[in-house]
There are 2 protein chains.
Amino acid sequence: MGIKERKEKHKEDLRQRILDAAKELFLKDGYEATSIRKIAEKIEFSPTTIYLYYKDKADIMYALHQEGFKLLGSQFGVLQHVSEPFERLKAMGRVYMSFALNNPDFYELMFIMKEPIEFVKAHCHDEEWEEGEQAFTALIMTVDQCKAAGYFTSFDTTTFALNVWSLMHGLCSLKLQGHLDHMATTKAHILEEGDWLEKTFEGFIAMLNSLK
Amino acid sequence: MGIKERKEKHKEDLRQRILDAAKELFLKDGYEATSIRKIAEKIEFSPTTIYLYYKDKADIMYALHQEGFKLLGSQFGVLQHVSEPFERLKAMGRVYMSFALNNPDFYELMFIMKEPIEFVKAHCHDEEWEEGEQAFTALIMTVDQCKAAGYFTSFDTTTFALNVWSLMHGLCSLKLQGHLDHMATTKAHILEEGDWLEKTFEGFIAMLNSLK
DNA sequence: TCATTTTATTAACAGTGTTAATTATGTTTG
DNA sequence: CAAACATAATTAACACTGTTAATAAAATGA
């Protein structure tokens, strides 16, 4: 039955076209502006057709959410070739920061917004989630290897990794939500000019160095 | 002209009643569910009346945003009585964390959402903002005093303060958005049970201790 | 009391996500 | 081939959202 396969493929095609249209709107105008009706208009279908391919808007956003994690994962993957673990840890920080700055909408969807993670909790309870865990696992492993190489020996791996992630996430989200720039402008009299994101990150690296 | 004063007062009264109704709805059901129409219904006025007292929804939310900063500021204020600066710094971290956990909606409005800070940038450009800066200033001063007491001597004050804030904000927001719990459940096989927020914070304190 | 200003309301616009009922399309069977 | 069926897509509608213009009501000043 080759006809059934072609039908399946056509159906999967449309599902992808919906996602592509959603992605384009999302990256251009953000979450709120990505409405079902606008997606439908872009692919020249009726709005309700979309509900035949995705459960609801959160479902579509979850799909984009996954795309974002794949992208971050691929960028982290490259770093596995950095053999020195502490160098790799620092590089992961830089990559994470670059990812946040270069893909602010994706970052917001992946780490700031509630909707996608609530969709996971509501519909993907059978422990499938892969993409997201992979990045955290990579961090855990790197911290572990750092410890094996004599760094951070007095700290618990998971706790240390969560601290690193928290700091990077806090820094990136404060930057993206405009809080960092706001502090820079209002406290301009006491703070000299400069890129505070970069400066703070360098300060973090210095802190890590001090921890041996 | 006592009549004019009473009128002014009445007008200010209604402005406050609108804010109270908004606050009640906001703390109960969150940002999205706090609609102009629901606020109006609560105070038994027409929806459009609200626009005579607040520019738009962002204006109302900015007012709540300010209330949140006053609350956090008052909690920070108490800590000024802790004379040992490093003890005070650690206590500030705990207070910040407690505030986030006990007032998640406020925290989200103050540090996670874009709307209020964009309202500031759009309408309060004449450098009034006080409430927010106060908290950050308190942190800067405490770090400075820590340095004077021999802690973190090799680090730049502002950079160090931004690192502390970033870490605390990252930790709290990862917790509030459910990412921390998610990692705890999916990685339950490798992580023993426990309160990961608390554990990570303790790890952070340990890190600070290691920096002397 | 009349005119003026202030305050509040109704009606409406332009959207939003989502569902039920209906029509069109394509496939399979008698 | 034509009828029956399953699938896909649509229209219409519901219940909302923030916001504005035009209008009515109330309070104030002369």
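Chain letters run A, B, ... following the sequence lines, proteins first, then strands; residues in each count from 1. What you see is a predicted model; the values in this text were computed from it and never measured.
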Sort me out a list of protein N/O and nucleotides 21-24 of chain C N/O pairs below 3.5 Å, or just none if empty.
none

Show me the protein contacts with nucleotides 9-12 of chain C, counting only N or O atoms at under 3.5 Å.
from    : atom 1 : to     : atom 2 : distance (Å)
dT9(C)  : OP2    : S46(B) : N      : 2.6
dT9(C)  : OP2    : T49(B) : OG1    : 2.5
dT10(C) : O4     : T48(B) : OG1    : 3.2

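Between I39(A) atom CD1 and dT16(C) atom C1' the separation is 12 Å, expressed in whole Å. For the pair L14(A) CG and dA9(D) C1', the interatomic distance rounds to 10 Å; values are reported in whole Å. Rounded to whole Å, the distance from CG on D59(B) to C1' on dT19(D) is 14 Å. Between the C1' atom of dG18(D) and the CE atom of M61(B) lies a distance of 12 Å, rounded to the nearest Å. For the pair Y53(B) OH and dT19(D) P, the interatomic distance rounds to 18 Å; values are reported in whole Å. In this structure, CD1 of I60(A) is placed 11 Å from C1' of dG17(C), rounded to the nearest angstrom. Rounded to an integer number of Å, the gap from E41(A) CD to dG17(C) P is 13 Å. Rounding to whole angstrom units, CD1 of residue I36(A) and C1' of dT17(D) are separated by 16 Å.
Contact annotation: Y51(A) side-chain N/O to dA8(D) OP1/OP2 distance is not under 4.0 Å.
Residue pairs meeting the salt bridge (Lys or Arg N to Asp or Glu O under 4.0 Å) criterion with at least one member in residues 173-186 of chain B, sequence neighbours excluded: K175(B)-D181(B). Within the structure, salt bridge (Lys or Arg N to Asp or Glu O under 4.0 Å) contacts touching residues 22-41 of chain A (residues at least two apart or in different chains) are K23(A)-E67(A), E24(A)-K42(A). Residue pairs satisfying the side-chain hydrogen bond (donor to acceptor under 3.5 Å, both in side chains) criterion with at least one member in residues 160-171 of chain A, sequence neighbours excluded, are listed as follows: Y96(A)-W165(A), Y107(A)-H169(A), H169(A)-S173(B). For residues 109-120 of chain B, the side-chain hydrogen bond (donor to acceptor under 3.5 Å, both in side chains) pairs, not counting sequence neighbours, are E108(A)-K114(B).
Distance check, rounded to the nearest 0.5 Å: OG1 of T142(A) to CD of E87(A) gives 12.0 Å.
Ring to ring, Y53(B) and F45(B) are not that close: their centroids are 6.0 angstrom or more apart.
Relative orientation of the F152(B) and F86(B) rings is perpendicular, given thresholds of 30° and 60° on the angle between their planes.
Residues passing the side chain to side chain contact (heavy atoms under 4.5 Å, CB included) test with E198(A) are R94(A), M97(A), D195(A), E202(A), sequence neighbours excluded. When the ring-ring contact (aromatic ring centres under 6.0 Å, His included) test is applied to F119(B), the partners found at least two apart in sequence or on another chain are Y62(B), H123(B). Under the rule for a ring-ring contact (aromatic ring centres under 6.0 Å, His included), F201(A) has no partner lying at least two apart in sequence or in another chain. Checked against side chain to side chain contact (heavy atoms under 4.5 Å, CB included), S46(B) has the following partners two or more places apart in sequence or in another chain: T48(B), T49(B).
The side-chain heavy atoms of L208(A) and F160(A), taken from C-beta on, include a pair separated by under 4.5 Å. Between L101(B) and L197(B) the shortest side-chain heavy-atom distance falls below 4.5 Å.
For the segment residues 24-33 of chain A, the set of residues with a heavy atom within less than 4.0 Å of an atom of DNA chain C is empty.
The C1' atoms of five pairs define one axis at each end of the helix from dT1(C)-dA30(D) to dG30(C)-dC1(D), and these two axes lie 30° apart (to 10°).
Shown are F106(B), F111(B), F99(B), F76(B); of these, the ring-ring contact (aromatic ring centres under 6.0 Å, His included) with F69(B) is made only by F111(B).
Nucleic acid contact for K55(A): none, since no nucleic acid atom lies under 4.0 Å from a heavy atom of the residue.
Ranking dT17(D), dT19(D), dT16(C) by closeness to the S35(A) side chain, first place goes to dT16(C).
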